[in-house]
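All values below were derived from every heavy atom in this structure, side-chain atoms included, with hydrogens, water molecules and symmetry-related copies excluded. This is a predicted model, so every value here is computed, not measured.
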Amino acid sequence: MSLFNVMDVSSSALQAQSVRLNTVASNIANADAVSSSSEDAYRSRQPVFTTVMRDVFDDAVAGVRVSEVVTTDAAPVRQFSPEHPMADDEGYIYFSNVNPVAEMANMISASRSYQNSIEAMKTARQLMIHTLNIGR
């Protein structure tokens, strides 16, 4: 595996973590969204990562990509609030199923993974520069 493959692998990780951060931001933005029915309530979304294997001159190179973004099956939170303008005929409103604490932990994890991929790219770049300077 050449050092250029390290850049490809790290680049795929950066793209995947970027999608993860965007879905976390979307979930946090809709954490307090209210709906008049259970079907219309916002449900949190999570990206699904898939390993991508490529053969480059008999060296296996693995990257990552987002294969899909799934919607969670957890039920929205139902609250009795007959005065609310979005209340249904029985007086209930429905909040999204987003857990802000879990989303913040997910955001920190994605941010750290993003930083680690950038550090791997920086290290590979420094190794390439040092390799070019050998023998000078």
Side-chain angles (χ1 to χ4, degrees):
M1 175 153 83
S2 76
L3 287 176
F4 293 110
N5 291 339
V6 172
M7 298 290 191
D8 291 340
V9 171
S10 294
S11 174
S12 71
L14 290 175
Q15 291 172 356
Q17 294 303 330
S18 178
V19 170
R20 186 176 173 198
L21 283 170
N22 285 332
T23 56
V24 167
S26 175
N27 289 338
I28 290 174
N30 288 291
D32 292 330
V34 177
S35 178
S36 60
S37 69
S38 174
E39 295 81 25
D40 293 338
Y42 181 84
R43 288 176 165 65
S44 76
R45 294 170 171 85
Q46 302 296 325
V48 177
F49 293 163
T50 304
T51 302
V52 178
M53 298 294 292
R54 293 179 291 169
D55 288 327
V56 179
F57 305 110
D58 297 328
D59 289 335
V61 178
V64 65
R65 69 178 172 88
V66 176
S67 60
E68 64 181 322
V69 177
V70 297
T71 304
T72 59
D73 294 334
V77 177
R78 183 178 173 199
Q79 182 180 4
F80 184 70
S81 181
E83 303 87 26
H84 197 281
M86 297 284 290
D88 63 4
D89 295 339
E90 298 174 357
Y92 287 97
I93 57 173
Y94 300 88
F95 288 95
S96 69
N97 64 357
V98 174
N99 180 347
V101 175
E103 294 299 329
M104 290 300 291
N106 201 8
M107 182 176 67
I108 291 169
S109 174
S111 176
R112 296 290 160 90
S113 295
Y114 196 91
Q115 290 172 348
N116 289 338
S117 296
I118 288 176
E119 288 299 321
M121 291 175 87
K122 283 182 182 176
T123 301
R125 180 178 166 263
Q126 289 173 344
L127 289 173
M128 284 187 245
I129 290 171
H130 288 302
T131 302
L132 291 173
N133 288 330
I134 290 177
R136 284 190 177 189

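- Val6 is not listed as a side-chain neighbour of Val9, based on a closest heavy-atom distance of 4.5 Å or more.
- For the atom pair Met128 CE and Met7 CE, the distance stands at 3.5 Å (nearest 0.5 Å).
- More than 12 non-hydrogen atoms from other residues, nucleotides or ligands lie less than 6.0 angstrom from CG of Asn133.
- Distance check, rounded to the nearest 0.5 Å: OG of Ser12 to CD of Gln17 gives 10.0 Å.
- A donor-acceptor contact shorter than 3.5 Å links the side chain of Ser113 to the backbone of Ser109.
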Pair Ile129, Leu132 - check side chain to side chain contact (heavy atoms under 4.5 Å, CB included), show working.
CA-CA 5 Å; Ile129 290 171; Leu132 291 173; 5.6 Å; no
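- Between the side chain of Ser96 and the backbone N or O of Ala33, no donor-acceptor pair lies under 3.5 Å.
- Across Ala13 and Val64, no two heavy atoms sit closer than the pair CA-CG1, 3.6 Å.
- Separation of atoms CZ (Phe95) and OG (Ser35) is listed at 11.0 Å; rounding is to 0.5 Å.
- Asn97 places a side-chain N or O within donor-acceptor distance of the main-chain N or O of Ser44, the cut-off being under 3.5 Å.
- Proximity of Thr50 to Glu68: side-chain heavy atoms (C-beta onward) are nowhere separated by under 4.5 Å.
- With a 4.5 Å cut-off on side-chain heavy atoms, Ile28 and Val98 do not count as touching.
- Thr23 contributes no side-chain N or O that, together with a main-chain N or O of Gln46, makes up a donor-acceptor pair within less than 3.5 Å.
- The two residues Arg20 and Asn106 have their closest heavy-atom pair at NH2-OD1, 2.7 Å.
- At least one donor-acceptor pair closer than 3.5 Å links the side chain of Thr131 to the backbone N or O of Leu127.
- Ser38 and Arg43 make their closest contact through O-NH1, 3.1 Å (heavy atoms, listed as atom of the first residue, atom of the second, distance).
- Considering all non-hydrogen atoms of both residues, Leu14 and Ser117 come closest at CD2-CB, 3.7 Å.
- Atom CE of Met107 is separated from atom CG of Asn27 by 11.5 Å, given to the nearest 0.5 angstrom.
- Rounded to the nearest 0.5 angstrom, Leu21 CG and Ile108 CD1 are separated by 11.0 Å.
- The environment of Asp32 atom CG is sparse: at most 12 non-hydrogen atoms of other residues, nucleotides or ligands sit within 6.0 angstrom.
- Using a distance-only test at 3.5 Å, with no hydrogens or angles considered, a donor-acceptor pair links the side chain of Thr123 to the main chain of Glu119.
- Here Met86 contributes atom CE and Tyr94 contributes atom OH; the two are 11.5 Å apart, rounded to the nearest 0.5 Å.
- In this structure, Phe49 is not a member of the same hydrophobic cluster as Val70, with clusters built from ILVMFWY side-chain heavy atoms closer than 4.5 Å.
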